[in-house]
Amino acid sequence: MAIIRVSDISKYAGQDITVQGWVYNRTDKGKLCFLLVRDGTGFVQCVAFKGDLAPELFEQIMRLPQESSVIVTGAVREDKRAPGIPGGFELGIKDLKVVQTAEADYPMALKDHGVDFALDNRHLWLRMQSQWAVLRVRATVMAATREWLDTNGFVEMSTPILTPAAAEGTTTLFETEYFDEGKAYLAQTGQLYNEANIFSFGKVYCFGPTFRAEKSKTRRHLTEFWMLEPEIAFCDLDQLMEIEEQMITHIVQRVIRERTPELKFLGRDIAKLEAIQAPFPRISYDDAAKMLVELREKETDPEKKELLKFDWGIDFGAPHETAITQQFEKPVFVYGYPTAVKAFYMEPWPGRPEVCKSVDLLAPEGYGEICGGSERISDPDLLLKRIHDQNLPEEAFKWYLDLRKFGSVPHSGFGMGTERVTTWLCGTEHIREAIAFPRTIKRVYP
RNA sequence: UCCUGGCUAGCUCAAUCGGCAGAGCGCGCGGCUGUUAACCGCUAGGUUCGAGGUUCAAGUCCUCGGCCAGGAGCCA
């Protein structure tokens, strides 16, 4: 008997097939028993009629505990009543083998759980439909990201996870002993290494875990997350924005194409995602600042009004980002941030040294920053001056300064937070659901 | 680090002014041929986060501590 994947079930209507999986839920009605079976690719309802099966087998099915592992054989039939993902098809059970009868005290109910309990049981919570759906979307986001970059001439580079002192200060780094060399730190970015890589490969990216020891306790932060960082030679800020919008558009469109059942299960409004097509609106920091002043004047809730307080020169906080993105249906680029609030390596705006050629991409519906990038300083003297101004150790940046001595070119790059993109596309409340085993300030277990 | 909220059955939550510790789900038993987190009946299940205090009486009030969440700052 052919073993099929539940995600393909519609292709097998009328045929006998076998599914290998786990009992997600059981509902019995006397002489009739419904098993919702998941196999990793989807959830399918399997129906047992007492009259069709040997009495012992029917009795065994009636008593199967949640999460028992099973191999089910039966006939696929189309039925609008059948629940599941994708749903609409069910399996009339002809035979069932129990691989293991699960213990009766499985802790995850199909009802809501508190955050703490759910996270303590993350290894089991992963099996729930909602979590399965989000993580399937995440995998597609990552695949689509690589697909776009690989077909557009980018070379994947792996940048080190263990790094010497910091690109941007050590306060937010995880520290570890490194033999006789003193301290090493878990990478919070691969950017500086990718700036070296472009001079050999032109267009590169790294895509891996990255670590921030920030004591951030919000729905947008993880201490360990997966960041994509493309870096491109001969690329200015405008060209960088084009790359970002093309890539994001590709990711969203592929997610819609392949993960609509998951998005529908999550209750996501797919029409909103279908609208995500390049080009994206671009507004300067200056214009965003004016917009914020106007939005604050219109705001009637005094609490929100206080949070929207804003003076030119400060970086946007989460409330500011939310207010701006709510004005747009697509992700929006905000470019030209004040130099003072951005990293030392960002190219100054021509004729306006108080702002720099930086750009953040803010996702709509209040999801906030998903990408942050900039054109990098290409002039060796200016870069050295910046390192001195910021009291960074020149010795540590010797190799980085070399990059500007030998064939320096205008170049740009950005970082994209995989889990933030996933959270946005899924319409999920909290970023912790967008990675299998989230690491937050309060949690390193399981 | 700061602000706010929470901690009661395995889970999610109730408990009025300080006055008998409750429900739903899940587990167990029984019933039902179309359930959608099924439904109906029955059973079991409690150190109310910890320590101290006030009181005739504390889940509830007070003090200290612990843990968790949401938000701010910082960031992708």
Please collect all ring-ring contact (aromatic ring centres under 6.0 Å, His included) contacts where either partner lies in residues 204-227 of chain A, sequence neighbours excluded, each pair once.
none
Does any residue of residues 106-119 of chain A have a heavy atom under 4.0 Å from RNA chain B, and if so, which ones, in number order?
Leu110(A), Lys111(A), Asp112(A), His113(A), Gly114(A), Val115(A), Asp116(A), Phe117(A)
Using side chain to side chain contact (heavy atoms under 4.5 Å, CB included) as the criterion, list what pairs up with Glu262(A), not counting sequence neighbours.
Trp132(A), Ala133(A), Arg136(A), Val137(A), Arg259(A)
Residues that Glu347(A) engages under salt bridge (Lys or Arg N to Asp or Glu O under 4.0 Å), provided they are two or more places apart
none
According to salt bridge (Lys or Arg N to Asp or Glu O under 4.0 Å), who are the partners of Asp8(A), at least two apart in sequence or on a separate chain?
Arg5(A), Lys11(A)
Say you pick atom P in U43(B) and the same atom in C3(B); how far apart are they, in whole Å?
50 Å
Interatomic distance at P, U12(B) relative to G52(B), whole Å
28 Å
I'd like to know whether the aromatic ring centres of Phe328(A) and Phe333(A) sit less than 6.0 Å apart in this structure.
no
Interatomic distance where CZ belongs to Arg63(A) and P belongs to G30(B) [whole Å]:
6 Å
Would you please name every residue forming a salt bridge (Lys or Arg N to Asp or Glu O under 4.0 Å) with Glu299(A), sequence neighbours left out?
none
Kindly indicate whether a cation-pi arrangement holds for Lys342(A) with Tyr337(A), taking the cut-offs as under 6.0 Å to the six-membered ring centre and within 45° of the axis.
yes
By ring-ring contact (aromatic ring centres under 6.0 Å, His included) - contacts of Trp22(A) (at least two apart)
none
How many whole angstroms separate atom CE of Met142(A) from atom C1' of A76(B)?
14 Å
Rounded distance in Å - CE (Met128(A)) to C1' (C11(B)):
11 Å
Atom NZ of Lys217(A) to atom P of U4(B): distance rounded to whole Å?
14 Å
Between A57(B) and G53(B), how far apart are the two P atoms, rounded to whole Å?
13 Å
For G18(B) versus C11(B), give the span between their C1' atoms, rounded off to a whole number of Å.
29 Å
Would you write the dot-bracket representation of RNA chain B, where each base gets (, ), [, ], | or . depending on whether it forms a Watson-Crick or G-U pair under 3.5 Å and with which partner?
(((((((..((((.....[..))))..((((.......))))......(((((..]....))))))))))))....
All N/O contacts under 3.5 Å from nucleotides 41-45 of chain B to the protein, with atom names and distances to one decimal?
none

Contact list for RNA chain B against residues 29-44 of chain A - heavy-atom distance below 4.0 Å
Lys29(A), Gly30(A), Lys31(A), Leu32(A), Phe34(A)
Could you give the CD1-to-P distance, from Ile61(A) to U33(B), as a whole number of Å?
16 Å
note: Lys442(A), atom NZ; G71(B), atom P; distance rounded to Å ~ 16 Å
Would you kindly give the NZ-to-P distance between Lys309(A) and G73(B), to the nearest whole Å?
12 Å
N-O pairing of Asp236(A) and Lys357(A) below 4.0 Å
no
Side chain of Thr218(A): nearest nucleotide among G73(B), A76(B), G34(B)?
G73(B)
Integer angstrom distance from the P of A37(B) to that of C74(B):
43 Å
Given G34(B), A76(B), A69(B), which nucleotide is nearest the side-chain atoms of Phe49(A)?
G34(B)
Using a distance-only test with no angle check, is there a side-chain donor-acceptor pair under 3.5 angstrom linking Asp286(A) and Ser284(A)?
no
Please name all residues satisfying ring-ring contact (aromatic ring centres under 6.0 Å, His included) with Phe437(A), sequence neighbours left out, ordered by chain then number.
none
Looking at residues at least two apart in the chain, or sitting in another chain, which of them share a side chain to side chain contact (heavy atoms under 4.5 Å, CB included) with Gln60(A)?
Leu57(A), Val98(A)
Of all the choices, G34(B), G73(B), A76(B), which nucleotide is nearest to the side chain of Glu369(A) once you look at every atom?
A76(B)
Which whole number of Å gives the distance between the P atom of U33(B) and that of G71(B)?
49 Å
